[in-house]
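Structure first, then comments.
Here is how names work: the chains are called A, B, and so on, in the same order as the sequence lines, proteins then strands, and each is numbered from 1. Since this is a predicted model, take the numbers as computed values, not measurements.
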Number of protein chains: 2
Amino acid sequence: MIPPSLKKVVVIGGGTGNFVVLEGLKKYPLDLTAVVSMADDGGSTGILRDELGVLPPGDVRQCLVALSNSSRLMRSLMNYRFENGGLGGHSFGNLLLSALEKVTGSFEKAVEEAGKILYIKGKVLPITTHQTRLKMVLDNRRILEGEREIYLSQEIDQGYTTLYLEPHPKVNPRVIEEIASADLLVMGPGGLHTSLIPNLLVEGVCEAICKSYAKKVFVVNLMNRKGQTTGFKTSDYLRELVRYLGKDPFDYIMVNVQKPPKPLIEVYANEGDLVDNDLDQERVIFAHMIGGLHDEPKRDLLKRSLIRHDSKKLAQELMKIVDHL
Amino acid sequence: MIPPSLKKVVVIGGGTGNFVVLEGLKKYPLDLTAVVSMADDGGSTGILRDELGVLPPGDVRQCLVALSNSSRLMRSLMNYRFENGGLGGHSFGNLLLSALEKVTGSFEKAVEEAGKILYIKGKVLPITTHQTRLKMVLDNRRILEGEREIYLSQEIDQGYTTLYLEPHPKVNPRVIEEIASADLLVMGPGGLHTSLIPNLLVEGVCEAICKSYAKKVFVVNLMNRKGQTTGFKTSDYLRELVRYLGKDPFDYIMVNVQKPPKPLIEVYANEGDLVDNDLDQERVIFAHMIGGLHDEPKRDLLKRSLIRHDSKKLAQELMKIVDHL
């Protein structure tokens, strides 16, 4: 009997949203690829970019940890942050990736070797292997430079003219191959301007996504980000992606209908409000997907989003699509 | 047929001398243990001690690399030194050990886990797991503080009163077990005051060595260190060790009789002169053991000693002893 070949799932993003999707899907028999945005320039990652001239390791590290089958200790080690002195603020995993890039002479090779050390399932691919920087021109003509500054801005919801990468980077050709041969493409959840769109700004990515025969699913964020996507509904997120993609390629749109406990919404009020759904279409999948409310040990890793998707529930919903492919 | 149990060889030292012995012995079927001095406080190691409060990783890292069966890439990674910024000067392996110590809460556990990551043969044991500092009182009453200062001093050969560790550390009990059950104990080569004697200053180590039924071999250095052991002969090295050991426990004393090429001796003139042998005893083993003259890639690791033992030849000589046990 010939075993059925594994379905190929490509997850496109960066940051903690990617982490949740990958950690959930890792448990299923899939051919899994994480495509990671290379626009990160905050914190430890930013210092390594500036001081060592390496590519930004932060989001890649999170994906590697999400896909890792190594011990809990190894995963803690990767996320361990030094506290004092010249090393203060650096996570060990970032240092591993940067040292590997120096030793191998290539970021892609570094990611591959780190994947072996961490026994990852599937593969992690940087969307580009060229140095680039995310920039945003606001309607008030202010220019925001770098992912960090954009992430922290409170005036994006006043309107922005354009978001771009400078220099305009060529795509990693392996990413194009993965997208072309995928059975399912997953975009989101994740920071709209800082994790999702930056992938679409890389030369050739939008065309590859739109041309791919893969089914395409967009997992909508749970929460809006204050000052950035204030009051956004499902259609607003979709419109923003389509603005870059050139067309609407999504076969499925996955939205959450579970309400988080009220005290948590109150805690979160300073960060943003819940995303409401305004799309009444057959392709919209409604699901209960809030989780992680008691995952204290993961707090450091996921501290950017207190209310977040449950990786298990999200993966179950995605697997329902995979099972029908 | 019952397979013969492996002979247990315990190598006591620290620094590049240890590296050469371990790298050579690694290729033989032995139960191998490296016992490492914890007095190092120079460079990257010193900064990590001061800023993070961790135990000194440098010498342990070298032993781990020597015993590693992992890829050449992994070994290069361990010795990779960051060049710029707040990370400048740190070797990646030191950061790995320090991060592991923070994550596991114990230096010994950190060494064990690093050993797994590097697929080491045998084991590496710190001689103590307590923070301590090497100090030396010179005859001129100057006090040298720290291994680094002692290593760089040019006035030790004018005479010193005492060498001690402060605070006086308790020995790692596993080291005592290893010494007690060893078939062969190897001391040297290595810096007399900074790598060899510091082990003997730890509470209980000298007694354990003298009481052990193991055969004991002292591998004498090839070169004297200018300002430290200027003009030392075999008997001088032996006398210094015996001063701390309380008695002369050595069954074998291994000395080199090969002359290095003249140009190399000239290059080395600023560092020190060749060690002459003045012992005419049956236990003295004469051998040709100079090597590494063409090992450019290893230069960084072994830069402290241009003229050094050939790990293969040294191991062959040690194995002649093992084979007669």
Side-chain angles (χ1 to χ4, degrees), chain A residues 43-54 57 61 65 68-119 297 300-301, chain B residues 43-54 57 61 65 68-119 297 300-301:
Chain A
S44 162
T45 288
I47 293 168
L48 294 171
R49 280 181 80 139
D50 292 346
E51 291 189 345
L52 307 181
V54 295
R61 182 192 86 246
V65 171
S68 173
N69 283 315
S70 67
S71 64
R72 178 185 288 263
L73 175 69
M74 274 302 278
R75 284 176 286 140
S76 304
L77 177 66
M78 288 300 119
N79 290 321
Y80 172 74
R81 276 187 201 276
F82 288 99
E83 284 171 10
N84 301 104
L87 297 165
H90 285 300
S91 77
F92 178 77
N94 288 1
L95 300 185
L96 172 68
L97 284 162
S98 297
L100 276 170
E101 178 174 348
K102 292 289 186 181
V103 173
T104 63
S106 137
F107 185 66
E108 228 192 326
K109 183 85 182 142
V111 176
E112 198 181 315
E113 291 295 330
K116 287 185 201 164
I117 294 170
L118 289 166
Y119 297 103
D300 178 59
L301 192 65
Chain B
S44 162
T45 290
I47 294 167
L48 295 170
R49 280 181 80 139
D50 292 347
E51 291 189 345
L52 307 181
V54 295
R61 182 193 86 245
V65 171
S68 173
N69 283 316
S70 68
S71 65
R72 178 184 289 263
L73 174 69
M74 274 302 277
R75 285 176 286 142
S76 303
L77 177 66
M78 288 300 120
N79 290 320
Y80 172 74
R81 276 185 201 278
F82 288 99
E83 283 171 9
N84 301 105
L87 296 166
H90 285 300
S91 78
F92 177 78
N94 288 1
L95 300 184
L96 171 68
L97 284 161
S98 298
L100 276 170
E101 178 174 347
K102 291 289 186 182
V103 173
T104 63
S106 136
F107 185 66
E108 228 192 326
K109 184 85 182 142
V111 176
E112 198 181 315
E113 291 296 331
K116 285 184 201 163
I117 295 170
L118 289 166
Y119 298 105
D300 178 58
L301 190 65

How many angstroms lie between atom [atom1] of [X] and atom [atom2] of [Y], to the nearest 0.5 angstrom?
{"X": "Glu51(A)", "Y": "Leu87(B)", "atom1": "CD", "atom2": "CG", "value": "6.5 Å"}
{"X": "Tyr80(B)", "Y": "Leu95(A)", "atom1": "OH", "atom2": "CG", "value": "11.0 Å"}
{"X": "Met74(A)", "Y": "Lys116(B)", "atom1": "CE", "atom2": "NZ", "value": "11.0 Å"}
{"X": "Phe92(A)", "Y": "Lys102(B)", "atom1": "CZ", "atom2": "NZ", "value": "14.5 Å"}

Worksheet item: Which bit of Leu96(A) comes within less than 4.5 Å of chain B, counting heavy atoms only: side chain, backbone, both or neither?
Response: both

Worksheet item: Contact part of Ile117(A) toward chain B, heavy-atom cut-off under 4.5 Å: side chain, backbone, both or neither?
Response: side chain

Worksheet entry | Partner chain B: residue of Gly88(A), Gly85(A), Ser70(A), Ser71(A) with the largest heavy-atom pair count (under 4.5 Å) | Gly85(A)

Discussion item. I need the minimum non-hydrogen distance between Val103(A) and Leu77(B), along with the two atoms involved.
Written reply: CG2-CA, 4.1 Å

